[in-house]
Undergrad: 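Below you will find the structure I want to go over with you.
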Amino acid sequence: MPDPILPSCQDLDSSCAGLEMSFTRSTNKDRMMSSHSSATEFCLLGFPGSQELHQILFAVFFFFYLATLMGNTVIIVIVCVDKRLWSPMYFFLGHLSALESTTTSIIVPVMLWGLLLPGMQTISLTACVTQLFLYLAVGTTEFALMGVMAVDRYVAVCSPLRYNVIMNSRTCISVVTVSWVFGFLSEIWPVYATFQFTFCKSNLLDHFFCDRGQLLKLSCDDTLFTEFVLFLMAIFIIIGSLAPAIVSYTYVISTILKIPTASGRRKAFSTCASHFTFVVIGYGSCLFLFVTPKQTQAAEYNKIVSLLICVLTPFLNPFVFTLRNDKVKEALGDGVRRCCQLLKD
């Protein structure tokens, strides 16, 4: 006969089961909180649509990627080989082509791999940090270099007699080095600040690469102040490099219009047209993407502008600087003829 004071085995079993369930819920909850506070990877949603659409997009973007690498590599090679292009303008152009190739190589291979995968693409936290830092650092370097190229055109058109003295080899190497160093150092804090937040809402990034705006959307913390600081930094970098370009081209156009002959005006403008076109394309797309008070903007809009920056602009760079520049076209034609002659021999 069971003792009425002592609990029965059935009661003990139910109590233990209840304690076990409570402990399990508490453990699962702790694990969930732990995983939310220390995300180790993100899932890139990429492009919507069927697998057939993804295959078409893969073929299109792969073509753009190969053409971009080939075109910019050709520019780098002819600038290094052809002595007619050993001048400050083409020295800067070679570095700009290297930056364009790097920009597209940071983003496009990851995007192409995501189009091939049947499911969602995952990227580790370390890879995400690295990709975002390189993307922003190379972009900032490119902005600084475009400002330098605008000043170079100003000196060439407005002070042609002093051009070789001002834009000597030491000056060119110095300004290019400063552009690269500034680009990489200026993006250390923004990337560090971005990944100090807790990404606890989700680990799904509605983009084809680790975009900062989409990362901030996943944070449970208050990102308003950081977004405002990042906005001010974007203003400083983009507008700070755009201002010399605007001032330089204002003086350049004014000087060109004062040239009495039409052939002289056409020749002077041909030396600036390619860079001016690239400035309009590059700054136009980046202003829409980066200089917005709220970085957590619509994902589809963000993807389209990112494609302009990462795919279209690097693809257009070789065409802009070859089709509108007589010296580059001559050097390219001579190079093709020499290659054909070597193949015949």
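Atoms considered below: every heavy atom in the structure, side chains included; atoms not considered: hydrogens, waters and symmetry mates. Along the sequence shown, the residues carry numbers beginning at 1.
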Undergrad: Counting only heavy atoms not in Phe47 (residues, nucleotides, ligands), do more than 12 fall under 6.0 Å from its CZ?
TA: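 Yes.
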Undergrad: Hey, can you tell me if Phe91 and His95 have their rings parallel, tilted or perpendicular (30° and 60° cut-offs)?
TA: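 Plane angle over 60°, so perpendicular.
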Undergrad: Are any of the side-chain heavy atoms of Phe199 and Leu205 separated by less than 4.5 Å?
TA: no
Undergrad: Can you get from Ile75 to Leu69 by hopping between Ile, Leu, Val, Met, Phe, Trp and Tyr side chains that sit under 4.5 Å apart?
TA: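 Same cluster.
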Undergrad: Are the side chains of Ile107 and Ser306 in touch, meaning some heavy atoms are under 4.5 Å apart?
TA: no
Undergrad: Would you say that more than 12 heavy atoms from the other residues, nucleotides or ligands in this model lie under 6.0 Å from the CH2 of Trp180, or not?
TA: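 Yes, CH2 of Trp180 has more than 12 neighbouring heavy atoms, counting only those of other groups under 6.0 Å.
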Undergrad: Tell me, with the steps shown, if Ile237 and Glu187 meet side-chain contact (heavy atoms from CB on, under 4.5 Å).
TA: CA-CA 11 Å; Ile237 292 170; Glu187 293 300 334; 3.7 Å; yes
Undergrad: Spell out, yes or no, whether Val178 and Met233 are grouped together once hydrophobic residues are joined by side-chain heavy atoms under 4.5 Å, including indirect joins.
TA: no
Undergrad: On the 0 to 90° scale, with breaks at 30° and 60°, tag the Phe231-Phe228 ring pair as parallel, tilted or perpendicular.
TA: tilted
Undergrad: Does the pair Leu307 and Phe208 meet the rule for a side-chain contact (heavy atoms from CB on, under 4.5 Å), with working shown?
TA: CA-CA 10 Å; Leu307 284 175; Phe208 51 82; 3.9 Å; yes
Undergrad: Using the side-chain contact (heavy atoms from CB on, under 4.5 Å) rule, take Val311 and Tyr65 through it: C-alpha gap first, then chi angles, then the decisive distance, then the call.
TA: CA-CA 7 Å; Val311 178; Tyr65 181 54; over 6 Å; no
Undergrad: Is there a chain of hydrophobic side chains (I, L, V, M, F, W, Y, each step under 4.5 Å between heavy atoms) that links Ile259 to Tyr154?
TA: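 No, no single cluster joins them.
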Undergrad: What is the distance from atom CZ of Phe61 to atom CG of Leu66, rounded to the nearest 0.5 Å?
TA: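 The CZ atom of Phe61 sits 14.0 Å away from the CG atom of Leu66.
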